[in-house]
Each structure stands twice: as C-alpha cells, then as structure tokens.
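Dropping a structure here in structure tokens format, bear with me for questions.
Here is the naming used below: chain letters follow the sequence lines, and residue numbers restart at 1 for every chain.
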There are 2 protein chains.
Amino acid sequence: MATPTPQTAPTGGLRERKKQRTRDALIRAALELFTEQGYDATTVDEIAEVVDVSQRTYFRYFANKEDVAFAVQEMVEARFLEELSARPAAEAPLTALRSAVMVAWDEIGSAIESVIPLELHMRSYQMIESTPALVAVHLRRSSELEEQIARLIARREGLDVDTDPRPRVLVAAFSGVMRVAGKVWGEGQDCSVASIRELTESYLDHIGPAIADDWRSHP
Amino acid sequence: MATPTPQTAPTGGLRERKKQRTRDALIRAALELFTEQGYDATTVDEIAEVVDVSQRTYFRYFANKEDVAFAVQEMVEARFLEELSARPAAEAPLTALRSAVMVAWDEIGSAIESVIPLELHMRSYQMIESTPALVAVHLRRSSELEEQIARLIARREGLDVDTDPRPRVLVAAFSGVMRVAGKVWGEGQDCSVASIRELTESYLDHIGPAIADDWRSHP
DNA sequence: TTGTCAATTGTCAGCGACTGACATTAGCCT
DNA sequence: AGGCTAATGTCAGTCGCTGACAATTGACAA
C-alpha cells in the first residue's frame with residue numbers, strides 16, 4: 001500500500017523479458033504443431049513440452065488451448081483499430097474502414113515477423129479456417145471487434161450506437177464481407193499478403209452493387 | 001444384405017417414438033437447466049440424470065454439450081430455407097431474403113411449441129447470447145447457414161457463387177445485420193416474438209442507407 | 001408364443017482440457 | 001547476503017467426451 005506503485009517493472013526487468021520469451025515460444029511452438037499435425041491432434045502437453053515448461057504454466061499464459069492460436073491476430077486487430085482512429089474525419093464511414101484495412105495490411109507484416117515467421121502466420125490463418133472449433137472462436141472474436149469498430153464509427157460521426165442503428169449495421173455488413181474475403185482467400189492457392197489485399201479490395205468494391213436490387217441489369 | 005432394406009422403420013415404430021421422446025426430453029431438460037443455473041454451471045450428467053438416462057446416452061443423441069442448445073434453432077433455420085426457396089423468382093435478392101425472414105417468424109411459433117414452450121426458447125436465445133462458448137458456436141452455425149443461403153440466391157439469379165462474389169457479399173451483409181438485430185433484441189427488455197420481428201424489419205430497412213456515404217445529410 | 005436379430009442403452013476405463021492448492025524456484029531490492 | 005514476491009512445478013481432482021463390451025429391449029418371422 002505504501003509502495004510507490006512498483007507495478008511489475010515497466011519494461012526493463014529480466015523477469016519481463018523472460019516472460020515475453022516464454023510467451024512467444026509458446027505461440028511459435030503451438031502454431032508449428034497445429035499447422036503440422038492439426039489442431040485436434042495436438043495436446044497442450046506437447047506444446048508445453050517443446051517449450052520445456054509444465055502444462056500448468058501454459059495455462060498461466062493462455063486461458064485455454066484455443067487462445068494461443070489468436071495471439072498474433074490480436075496484434076493485427078489492435079493495429080487496425082489504431083489506423084481507423086487515425087483516419088481523417090472528413091472520410092465517409094465506409095471509406096474510412098476500407099482505407100484503414102488497406103493501410104493495416106501494408107504495415108503489420110514487420111510487426112508479425114518479430115514474433116513468428118510471416119509464412120507461419122499465413123498457414124495458421126488457413127489452419128484456423130479449416131478447424132471448426134477455431135472457426136467458432138474466430139467468429140466470436142470478430143464480433144467483439146465489430147462492437148468496438150461500431151463505437152469508433154459512431155464517435156467519428158457524432159452518433160450514439162444505442163440510438164442510431166447505422167453504425168452497427170454498416171460494420172456488420174462490412175465485417176461480413178471481410179470475413180467472406182478471408183474465407184475465399186484461405187480456400188484459394190495464393191497465400192501471399194498481396195493476394196489477400198487484392199481480394200479484400202475487390203470484395204469491398206462489390207458491397208454497394210450487391211445491395212442494389214437489379215443484379216440482372218448490371219452483370 | 002439380402003434384407004429388403006428395413007431401414008429403421010419410417011415413422012410408426014414404438015422404437016422411433018421412444019427415441020423422439022428421449023431426444024425432446026433431453027432438449028427440454030438441458031434448456032431448463034441452462035437457463036436456470038447457467039450453461040457452465042450445468043453438467044451433462046445433470047441433464048442425463050433429469051431424463052433418467054446415462055451420460056453415454058446423451059452423447060449418442062448430441063455430439064457435445066453445446067449442440068443440445070441449438071436443436072430448436074435448427075428447426076427454425078430449416079423453415080427459413082424452405083421459405084426462401086419458395087419466394088417468387090421475380091423478387092430481387094434482398095427482398096426475397098427479407099420476405100422469407102418475415103414469413104418464417106410468423107410461422108415457426110407453433111412448430112417450436114411442439115417440442116418446448118415458446119417462452120423457454122426465447123429465454124434460451126438470450127442465454128446463448130450471453131454465454132461466450134455458445135455465442136461462438138452460434139456464429140459458426142450461422143456462417144454455415146450463410147453459405148447455403150448464398151448458394152440458393154445464386155441459383156435464383158442463375159449465377160455461380162465461385163465466380164460472382166455478389167451472392168456471398170449480399171448474404172454476408174444481410175446476415176451481419178440479422179445478427180445485430182438479434183443481439184440488440186436479446187439485450188432489450190421485450191422478449192416477445194413481435195418485438196424481434198419489428199426490430200429485424202427496422203434494421204433491414206437501414207441496410208441501404210447505412211452503406212451510402214453521406215450520413216450527415218440524411219439524419 | 002417364442003426365438004432370433006438388430007438397435008438402444010448402460011457400464012467401465014481412459015484421454016485430454018482445465019483448475020485450485022501448495023510447495024519450490026528464481027529474479028529483485030535493500 | 002538475505003528477505004520478499006512473482007513465476008513455475010507438482011499433484012489431485014472435475015468435466016467433456018469416446019471406444020469397447022455387455023445387457024436390455026423392440027421388431028419380426030416361424
């Protein structure tokens with residue numbers, strides 16, 4: 001109580017660095033095992049053994065077996081939110097979302113590399129999309145992110161999310177499209193960053209026309 | 001091999017009726033326990049005990065603890081798909097989706113009552129929305145439904161889902177909006193069927209305007 | 001009715017995810 | 001060096017879930 005708020009050493013301590021290393025090692029080991037032998041065929045004990053820690057320690061870093069698969073995604077999402085907050089207020093909502101995604105895709109690469117090889121991350125993404133248990137978690141996480149995005153958009157436009165349905169509706173539509181783009185990408189061959197960037201861009205361009213009623217007159 | 005395909009009695013057998021009764025009893029018991037004490041606080045053994053069957057038998061009817069919570073939803077979804085297939089080809093895609101939802105909402109009530117009280121189903125829906133593990137499963141199920149809907153829409157319009165992105169994009173946007181409507185309803189007070197019907201209708205009306213760029217000029 | 005066949009269920013053993021409790025180790029700070 | 005506390009290991013136990021095998025029970029023909 002009387003301590004000057006020591007607060008677990010800001011950054012410099014050996015302890016902190018060691019913890020970070022263990023965490024990164026767990027992520028790397030987990031993703032490697034998941035992508036090689038499959039998620040279900042991998043046990044938490046295996047992951048812990050590779051990193052040479054006890055199973056109990058794994059569960060002190062990650063709440064469950066699934067969470068470790070999304071540790072990198074979490075970084076990406078945080079990056080996207082930052083980018084969205086930084087978009088000029090003059091941009092229309094959908095435009096701001098689109099721009100933020102594009103900028104984020106260009107910048108996250110290096111951030112990811114600091115934890116795991118980018119190629120491993122790409123393979124992990126596809127692994128998630130083809131593992132029912134992880135698809136479910138991924139969707140839930142996405143919907144939580146949507147709520148945050150909706151609130152950001154509402155703030156930009158000076159609206160209240162609980163009164164005006166447009167922020168949530170727009171974000172719901174936007175996210176749905178993003179998800180489909182990611183899914184289609186995962187099913188395709190080209191697993192490069194450029195590929196998903198293009199696909200995303202193309203799909204976002206279709207959102208307007210798809211809502212319009214007369215598909216037959218605009219083929 | 002030489003048998004004239006007996007195939008587990010079409011409908012009339014005592015065996016079939018008994019199975020159906022057990023299944024319904026499991027659903028009812030599970031939903032009652034889930035809504036009363038919470039999903040996590042309920043064990044599969046408890047559910048089985050109420051129905052007076054072994055835990056093993058429960059798992060012969062449902063693949064896991066989560067599935068039983070969505071047994072009724074499954075009926076509703078099947079009903080919606082039927083309704084959508086029956087919409088006249090002249091209707092525009094988004095219009096057909098909207099109409100199918102509305103008609104489905106008006107008709108499923110009685111079908112649900114044949115298994116569990118409608119009020120229990122409504123409470124279950126809110127229970128699902130407030131249980132992270134179930135939210136995840138719900139979203140995954142929804143996304144699988146989306147794929148089916150997209151293919152239906154594509155067929156209506158004579159398109160190929162793998163070539164033309166519009167069916168999936170539209171359905172993604174549509175489903176996102178539906179989900180938000182359901183979520184907002186779950187958080188509100190009025191848990192009647194009429195209430196969710198109206199909310200859905202209203203939210204679907206906003207999808208067009210929300211995509212448009214100039215929110216500030218149309219408050 | 002009775003006996004045979006197949007479907008349903010119960011029992012049991014066991015794995016893997018996860019958690020609380022407590023002992024042990026190891027960075028940190030004076 | 002020595003005490004403090006955070007991080008880790010160990011252990012026991014619960015719960016979800018599954019395979020294997022035995023017991024029961026409806027279905028159907030002789």
(request) Measure from the side-chain N and O atoms of His121(A) to the backbone N and O of Pro117(A), and report whether any donor-acceptor pair falls under 3.5 Å. (result)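 It does not hold such a pair.
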(request) Please check if the side chain of Ser202(B) supplies one atom and the backbone of Glu198(B) the other of a donor-acceptor pair under 3.5 Å. (result)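 No, because the side chain of Ser202(B) does not come within donor-acceptor range (under 3.5 Å) of the backbone of Glu198(B).
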(message) I want to check one thing: is the phosphate of dG16(C), taken as OP1 and OP2, less than 4.0 Å away from some side-chain N or O of Thr43(A)?
(response)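 It does not, given that no N or O in the side chain of Thr43(A) lies less than 4.0 Å from OP1 or OP2 of dG16(C).
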(message) Nearest to the Thr57(B) side chain among dC18(C), dT10(D), dG10(C), which nucleotide is it?
(response)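 Nearest to the side-chain atoms of Thr57(B), counting from C-beta on, is dG10(C).
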(request) Could you check Arg168(B) against Glu147(B) for side chain to side chain contact (heavy atoms under 4.5 Å, CB included), going step by step and ending with a plain yes or no? (result) CA-CA 7 Å; Arg168(B) 283 206 178 105; Glu147(B) 181 64 22; 2.9 Å; yes
(request) Kindly compute the distance separating OH (Tyr58(A)) from CZ (Arg23(A)), expressed to the nearest 0.5 Å. (result)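 If we round to the nearest 0.5 Å, Tyr58(A):OH and Arg23(A):CZ are 10.0 Å apart.
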(message) Of the options dG10(C), dG27(C), dA21(C), whose atoms approach the side-chain atoms of Val53(B) most closely?
(response)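 Selected nucleotide (nearest to the side chain): dG10(C).
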(message) Measure CD/Glu66(B) against P/dG16(D) and give the value in whole Å, please.
(response)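 One finds 11 Å between P of dG16(D) and CD of Glu66(B), rounded.
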(request) Measure from CG on Asp52(B) to C1' on dT9(C) and round the result to the nearest Å. (result)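 To the nearest whole Å, that distance equals 12 Å.
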(request) Please report, rounded to the nearest Å, how far the P atom of dC17(D) is from the CG atom of Asp40(A). (result)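 The answer, rounded to whole Å, is 12 Å.
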(message) In whole Å, I'd like the distance from the CG atom of Leu33(B) to the C1' atom of dG16(D).
(response)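 In whole Å, dG16(D) C1' and Leu33(B) CG are 16 Å from each other.
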(request) Please state whether the phosphate of dG26(D), meaning OP1 or OP2, lies under 4.0 angstrom from any side-chain nitrogen or oxygen of Lys18(B). (result)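 Yes, Lys18(B) has a side-chain N/O under 4.0 Å of OP1/OP2 on dG26(D).
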(message) Looking at Tyr39(A), I'd like to know if the NZ or CZ of Lys65(A) sits under 6.0 Å from its six-membered ring centre while staying within 45 degrees of the ring's axis.
(response)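 Flagged: Lys65(A) positioned over aromatic ring of Tyr39(A).
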(message) Can you measure Gln55(B) atom CD to dG10(C) atom P for me and round it to whole angstrom units?
(response)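 From Gln55(B) CD to dG10(C) P: 11 Å.
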(message) Taking any heavy-atom pair under 4.0 Å as a contact, classify Tyr61(B): base, sugar-phosphate, or nothing.
(response)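 Counting heavy atoms under 4.0 Å across all strands, the contact made by Tyr61(B) is with sugar-phosphate only.
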(message) Can you tell me whether the side chain of Arg17(A) and the base of dG27(C) have a donor-acceptor pair closer than 3.5 Å?
(response)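 Checked by distance alone, the answer is no.
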(message) For a quick check of understanding: with a heavy-atom distance under 4.0 Å over all strands, which category does Ser54(A) fall into, base, sugar-phosphate or nothing?
(response)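 Base contact.
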(request) Starting from P on dT10(D), measure out to CG on Asp45(A) and report it in whole angstrom. (result)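 These atoms are roughly 12 Å apart.
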(request) Round to a whole Å and report the spacing from NZ of Lys19(B) to P of dT9(C). (result)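 Answer to the nearest Å: 7 Å.
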(request) When you get a sec, tell me which of dC22(C), dA17(C), dC17(D) is the closest nucleotide to the side chain of Val44(A)? (result)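 Among the listed nucleotides, the one closest to the side chain of Val44(A) is dA17(C).
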(request) Side chain of Lys65(B) only, please: which of dG16(D), dG10(C), dA6(D) is the nearest? (result)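 In terms of side-chain proximity for Lys65(B), the closest of dG16(D), dG10(C), dA6(D) is dG16(D).
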(message) Nearest to the Arg15(B) side chain among dT8(C), dT9(C), dC17(D), which nucleotide is it?
(response)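 Ranking dT8(C), dT9(C), dC17(D) by closest atom to the Arg15(B) side chain puts dT8(C) first.
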(message) Measure CD/Glu16(A) against P/dC29(C) and give the value in whole Å, please.
(response)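 To the nearest whole Å, that distance equals 11 Å.
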